[in-house]
Q: 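The structure is given below, and queries will be raised subsequently.
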Number of protein chains: 2
Amino acid sequence: MSAERRLEGEAGSAQERLRDHLSARNLRLTPERLLVLEGVLTREGHFDAEELLEHLRRSNKSVSRATVYRTLDHLAEAGLVKKHHFQEGHALFEHVHGRDHHDHMVCDRCGRVIEFVNDKIEALQEEVCREHDFRELRHVHQIFGICSACQAVEKRAPNASPHHSGHA
Amino acid sequence: MSAERRLEGEAGSAQERLRDHLSARNLRLTPERLLVLEGVLTREGHFDAEELLEHLRRSNKSVSRATVYRTLDHLAEAGLVKKHHFQEGHALFEHVHGRDHHDHMVCDRCGRVIEFVNDKIEALQEEVCREHDFRELRHVHQIFGICSACQAVEKRAPNASPHHSGHA
DNA sequence: ATTCCTCTTGAGACTGAGTCTCAATTTCAG
DNA sequence: CTGAAATTGAGACTCAGTCTCAAGAGGAAT
């Protein structure tokens, strides 16, 4: 129940934020855009646009592919979601409204995404920017490799990677 | 002349390294793969696959698109090049053979790429991986923002950014 | 309510990077 | 020289994402 209420609260202020963002650009908060926002807020973790589209269709809240993509871009501009390019040819989104900043480790085998925060790294990063008189607007810090679960699998079956399709 | 010799030297050992990588997998160091390697080593900075393909065609060292892509992947696996996904739908490569590891700051205004290294960040990163029992294979650390030159320009002409096409 | 202007939508055509297929060719080992 | 295995290139294909454009709202002014 408290999770529900929290979600409602988030949805409320996320909606406000989206409305503000749109109206500042003479754009409208339409029913379709609200459906997309709602869909986004109920996703957990990282999801892609097609997955969201499919989810909306299954929930009888169908919105066209074009609208989903367009709205996701608005949401990203409004700072409600982040768009990641972990693998090539496949953007992943996560909603970040009301969430703290974090970076990512991504497993090359299974695609699992692990979030991490390290204040010292953040601080050093700022230092690097100061040294170069560079004004940071955002950063991407991703570590790619093999997660512990996949390492375990490899140990069990040493002639590994049935799906080692040789990319990234 | 010394630059030339250096390049030859690099090319030599890069070739060795590629041969080793390939032969360890029962693959062959073919003339086509050598052409791609040569093309890669003579590129400066960051380039994409199509650019390399075009360059090879113009130099009468034509190699098929498929071979270029396939070979770039081999080179990446052999640790001779790095594949970046700065923007979506567009991989960029840089050759890293004989170069030290570095990360990037990218100016949103002028596209300038500044390389940086920070050992403390690297160490902390390793620590994060250890904490999560994650085996790092590579990482991406990019800081996006405004370089000092562009900050100066902005100060002079405050109603800035003619090409602010609003994506990542 | 009506009008008008602008924004929005959806269907589907389109794009472009990258991959796959497969027959023909090359390479290497014996 | 021969056969097995790897390699190549042409072009078909895939797939995420974008674009187009006609039809459908929203809402401000009348």
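Each chain gets a letter, A, B and so on, in the order its sequence line appears, and its residues count up from 1.
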Q: Are Lys83(A) and Glu94(A) close enough for a salt bridge, meaning some N to O gap below 4.0 Å?
A: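 No, no charged N to carboxylate O under 4.0 Å.
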Q: Does Leu137(A) sit in a hydrophobic cluster with other residues, and if so which ones, taking ILVMFWY side chains as linked at heavy-atom separations under 4.5 Å, directly or through other members?
A: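 Members besides Leu137(A), by chain and number: Ile146(B).
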Q: Backbone N or O of Leu37(B) within a donor-acceptor pair of the Gln15(B) side chain at under 3.5 Å?
A: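 Such a contact is absent between Gln15(B) side chain and Leu37(B) backbone.
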Q: Does the gap between the ring centers of His85(B) and His85(A) come in under 6.0 Å?
A: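 For His85(B) and His85(A), the ring centres are not under 6.0 Å apart.
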Q: Go through His90(B) and His84(B) one step at a time and tell me if the side-chain hydrogen bond (donor to acceptor under 3.5 Å, both in side chains) criterion holds.
A: CA-CA 9 Å; His90(B) 203 84; His84(B) 296 289; over 6 Å; no
Q: Starting at atom NE2 of His84(B), determine the distance to atom C1' of dA17(C), rounded to an integer number of angstrom.
A: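 Roughly 18 Å, once rounded to whole Å.
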Q: In whole Å, I'd like the distance from the CD atom of Glu32(A) to the C1' atom of dC7(C).
A: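 It works out to 12 Å between those atoms.
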Q: Answer yes or no: is there a donor N or O on one side and an acceptor on the other, between the side chain of Arg65(B) and the main chain of Leu53(B), under 3.5 Å?
A: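 No; judged by distance alone, with no hydrogens or angles, the pair does not exist.
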Q: So does Thr30(A) get a side-chain nitrogen or oxygen closer than 4.0 Å to the phosphate oxygens (OP1/OP2) of dT9(C)?
A: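 Checking dT9(C) against Thr30(A), a side-chain N or O does come within under 4.0 Å of OP1 or OP2.
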Q: Just do the side-chain hydrogen bond (donor to acceptor under 3.5 Å, both in side chains) check on Arg70(A) and His74(A) with the steps written out, would you?
A: CA-CA 7 Å; Arg70(A) 289 187 286 228; His74(A) 286 131; over 6 Å; no
Q: Could you check whether any side-chain N or O of Ser23(A) sits under 3.5 Å from a backbone N or O of Asn26(A), counting only pairs where one atom can act as donor and the other as acceptor?
A: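 Between the backbone of Asn26(A) and the side chain of Ser23(A) there is no qualifying donor-acceptor contact (under 3.5 Å).
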Q: Would you check, one step at a time, whether the test side-chain contact (heavy atoms from CB on, under 4.5 Å) holds for Val96(B) with Leu80(B)?
A: CA-CA 6 Å; Val96(B) 294; Leu80(B) 290 165; 5.9 Å; no
Q: Does the ring center of Phe86(A) lie less than 6.0 Å from the ring center of His46(A)?
A: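 Yes, close enough.
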Q: For the pair Thr71(B) (side chain) and Thr67(B) (backbone), establish whether a donor and an acceptor sit closer than 3.5 Å, ignoring hydrogens and angles.
A: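 It does hold such a pair.
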Q: With 3.5 Å as the limit, what N/O pairs link the protein to nucleotides 2-4 of chain C?
A:
none

Q: Does some side-chain heavy atom of Glu115(B) sit less than 4.5 Å from a side-chain heavy atom of Arg99(B)?
A: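 Contact flag for Arg99(B)/Glu115(B) side chains = yes.
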Q: Tell me, which of residues 67-75 of chain A have any heavy atom that sits under 4.0 Å from an atom in DNA chain C?
A: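 DNA chain C contact set from residues 67-75 of chain A: Thr67(A), Arg70(A).
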Q: Establish, from distance only, whether the side-chain atoms of Arg43(A) and His95(A) form a donor-acceptor pair under 3.5 Å.
A: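 Checked: Arg43(A)/His95(A) side chains show no N/O donor-acceptor pair below 3.5 Å.
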Q: Quick one: how far along DNA chain D does chain A reach, first to last nucleotide 5' to 3', anything under 4.0 Å to a heavy atom?
A: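 Endpoints of the contacted stretch of DNA chain D: dA16(D) to dG26(D).
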Q: Give, ordered by number, those residues of residues 17-28 of chain A having at least one heavy-atom distance below 4.0 Å to an atom of DNA chain C; if nothing qualifies, reply none.
A: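 Contacting residues: Asn26(A), Leu27(A), Arg28(A).
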Q: Would the His104(A) and His141(A) ring centres measure less than 6.0 Å apart?
A: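 Ring centres of His141(A) and His104(A) not closer than 6.0 Å.
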Q: Taking the side chain as everything from C-beta on, heavy atoms only, tell me whether Glu77(A) gets closer than 4.5 Å to Arg25(A).
A: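 With C-beta onward as the side chain, the pair touches.
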Q: Using a cut-off of strictly less than 4.0 Å between a heavy atom of the residue and any atom of DNA chain D, enumerate the qualifying residues of residues 48-58 of chain A by number.
A: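 None, since no heavy atom is under 4.0 Å.
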